Amino acid sequence: MNATNNPAAAGCPIASTAMLSPNEVPLDQIDVADAELFRSDAVFGYFDRLRREDPIHYCSTNKLYGPYWSVTRFKDIVEVETKPQIFSSEARGITIEDDTLGLGTPMFIAMDPPKHGEQRMSVSPAVSPENLMNLEVGIRQRTNEVLDGLPVNQTFDWVDRVSIELTTQMLAILFGFPQEHRRMLTRWSEVGSASPESGSSVVESPEARMQELHMCLGYFTALWHQRAAAEPQPDLISMLAHAEATRDMPSRPLEFLGNLMLLIIGGNDTTRSTMSGSVLALNRNPEEYRKLCARPELVTSFVPEAIRWQTPLTHMRRTALCDTMLGGKQIRKGDRIVMWYLSGNRDPQSIERPDEFIIDRKNPRHQIAFGFGIHRCLGNRLAELQLRVLWEEALKRWNKPMQIEVVGDPVPVDTSIIFRGFSHLPVRINA
Ligand code: HEM
């Protein structure tokens with residue numbers, strides 16, 4: 001495209017950056033917070049350019065969210081994450097959109113020290129290495145049941161039959177939630193992460209979302225009272241109901257709801273996206289698929305590589321509490337700072353051959369999909385465990401390259417620039 005038919009170069013307003021290739025857009029007009037860029041994966045080209053030419057990039061033109069800084073390099077993301085006293089999670093929420101995940105409710109992912117640390121500590125035992133060892137037996141058993149029930153030589157939706165089913169069953173185990181009602185967790189996760197303001201089709205209005213979330217609160221409050229009256233169990237609700245620091249949580253219903261949503265969404269959408277993304281990554285990289293079938297023990301490095309590849313949470317946001325410098329740029333108090341994990345995970349200055357999917361990388365955990373610092377994902381070991389068990393068991397059954405074959409286009413999730421995942425992935429298991 002030349003200067004005359006390039007609307008940006010001709011000084012015309014740009015409808016959507018997604019219509020142009022990254023080098024055609026003047027640097028100061030690049031706005032990566034555009035759902036279309038994420039849906040088509042075109043965003044990677046924009047991130048490449050920003051990392052090279054303007055790694056801490058200011059965008060003043062976004063109509064939906066307002067002005068924001070993009071932090072695109074791995075090392076700068078780490079710097080923001082390690083300065084919570086300057087870059088706050090609490091001030092205005094943790095997504096580019098003010099307070100979306102917070103739903104106006106307190107949750108510890110959107111708190112600063114010292115309150116953040118106190119609440120995180122009370123939930124941590126549920127995902128301690130000892131508790132995970134106990135949970136692994138149940139996870140493996142449920143994974144086997146799900147895999148045994150899959151059709152062979154027939155197309156089915158991997159997202160629904162495997163990714164949603166397994167993450168939801170897992171979450172029900174973690175909460176001690178009745179398995180027969182587990183799809184309510186899937187619904188609450190979708191409702192909680194939906195953004196009716198920006199055109200999501202999951203709920204029609206913010207009021208409708210709040211109504212459904214109050215049902216969730218009511219259900220969990222009843223479960224809480226049951227657990228509080230019984231002997232302590234290893235599930236999360238029982239742990240919280242019996243722990244000194246949290247036993248009065250239902251008397252602060254908004255905080256209770258906030259922390260429930262955090263675990264429901266955190267434990268559902270992210271791992272679910274990686275379960276689907278890992279199948280797609282193997283199909284698009286048949287050499288790596290062959291390697292995994294020949295050496296199933298590589299599953300332990302394949303799993304973190306699949307998480308890096310998918311990076312199911314594209315970003316987290318912070319708000320500057322004071323004037324400061326970041327990567328040579330002057331940041332003002334109140335500025336919105338967006339850390340693009342998706343970009344940091346493709347940064348060649350920190351990760352070797354970052355655009356390649358390599359299942360036997362030397363240091364596959366050197367990546368930023370789980371964040372860094374005091375807010376680093378609490379469920380990271382649980383997520384890896386679920387993915388490892390899924391692939392260990394799948395490879396025992398189907399160990400030929402391309403045996404789990406993607407047979408149609410994956411459908412990306414609805415209008416989201418934070419959750420990077422799929423709503424459908426047509427797959428066929430070839431006998
Ligand atoms: C926080 C990613 C799975 C629970 C986070 C953060 C990221 C993340 C990026 C924010 C880090 C930051 O601000 O520095 C992921 C990915 C997952 C995953 C990529 C799967 C592949 C899970 C699971 C659970 C979970 C399975 C629990 C059931 C949490 C919680 C936090 C969190 C509670 C808040 C931690 C804090 O603020 O201290 N996760 N997550 N996540 N995640 Fe995950």
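Residues: numbered from 1 along the sequence shown. Just so you know, ligand 1 is whichever comes first in the structure, and atom 1 is the first atom listed for that ligand. As the structure is a computational prediction, the values presented were derived from the model and not from experiment. Below, all heavy atoms of this structure are taken into account, side chains as well, without hydrogens, waters or symmetry copies.
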Starting from [atom], what is the nearest protein heavy atom, named by residue and atom, and what distance separates them?
atom: atom 18 (C) of ligand 1; value: Thr270 OG1, 3.2 Å
atom: atom 4 (C) of ligand 1; value: Gly379 N, 3.8 Å
atom: atom 6 (C) of ligand 1; value: Phe370 O, 4.0 Å
atom: atom 28 (C) of ligand 1; value: Gly267 CA, 3.6 Å

Quick check: does [X] get an N/O under 3.5 Å from an N/O on ligand 1?
X: His116; result: yes
X: Arg318; result: yes
X: Thr271; result: no

So [X] and [Y], would you call those rings parallel, tilted or perpendicular, with 30° and 60° as cut-offs?
X: Phe302; Y: Phe357; value: perpendicular
X: Trp188; Y: Phe177; value: perpendicular
X: Trp391; Y: Tyr289; value: perpendicular

If the contact criterion is a heavy-atom separation under 4.0 Å, does [X] count as touching ligand 1?
X: Ile374; result: yes
X: Pro312; result: yes
X: Glu384; result: no

(request) Begin from the C-alpha positions of Phe220 and Phe175 and carry the test ring pair (Phe, Tyr, Trp, His ring centres under 6.0 Å) through to its verdict. (result) CA-CA 10 Å; Phe220 271 101; Phe175 279 132; 5.2 Å; yes

Counting only heavy atoms closer than 4.0 Å, does ligand 1 sit against the backbone of [X], its side chain, both, or neither?
X: His375; result: both
X: Glu81; result: side chain
X: Tyr341; result: side chain

(request) Look only at the side chain of Asn62 and the backbone of Leu64, and say whether a donor-acceptor pair between them is shorter than 3.5 Å. (result) yes

With atoms numbered from 1 as shown, which atoms in ligand 1 lie under 4.0 angstrom from a non-hydrogen atom of [X]?
X: Ile109; value: 1 (C), 34 (C), 37 (O)
X: Leu313; value: 2 (C), 7 (C), 8 (C), 9 (C)
X: Thr274; value: 21 (C)
X: Arg120; value: 35 (C), 36 (C), 38 (O)
X: Gly371; value: 9 (C), 11 (C), 14 (O)
X: Gly266; value: 3 (C), 18 (C), 22 (C), 23 (C), 24 (C), 25 (C), 26 (C), 41 (N)
X: Leu174; value: 28 (C)
X: Phe372; value: 14 (O)

(request) Dump the intermediate steps for ring pair (Phe, Tyr, Trp, His ring centres under 6.0 Å) on His366 and Phe74, then the final yes or no. (result) CA-CA 10 Å; His366 176 65; Phe74 192 105; 4.9 Å; yes

(message) Quick check on Lys396: does its NZ atom have over 12 non-hydrogen neighbours (other residues, nucleotides or ligands) under 6.0 Å away?
(response) yes

(message) Are more than 12 heavy atoms, taken from residues, nucleotides or ligands other than Glu297, located less than 6.0 Å from that residue's CD atom?
(response) yes

Please check if any side-chain donor atom of [X] sits under 3.5 Å from a side-chain acceptor atom of [Y], or the reverse.
X: Glu165; Y: Gln169; value: yes
X: Arg51; Y: Ser343; value: yes
X: Asp360; Y: Ser301; value: no

(request) Tell me which one of Ala306, Cys377, Ala369, Ala126 gets a heavy atom nearest to atom 41 (N) of ligand 1. (result)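 Looking at heavy atoms only, Cys377 sits closest to atom 41 (N) of ligand 1.
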
(request) Closest by any non-hydrogen atom to atom 31 (C) of ligand 1: pick that one out of Leu378, Leu385, Leu171. (result) Leu378

(request) Let me know which of Phe419, Trp340, Phe44, Tyr46 forms a ring pair (Phe, Tyr, Trp, His ring centres under 6.0 Å) with Phe38. (result)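 Going through the options one by one, the only one that passes is Trp340.
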
(message) Would you say the rings of Trp224 and Phe256 are close, in the sense that their centroids are separated by under 6.0 Å?
(response)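 Yes; Trp224 has its ring centre under 6.0 Å from that of Phe256.
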
(request) Would you name the heavy atoms of Leu166 and Thr143 that are closest together and state the gap between them? (result) CD2-CA, 3.6 Å

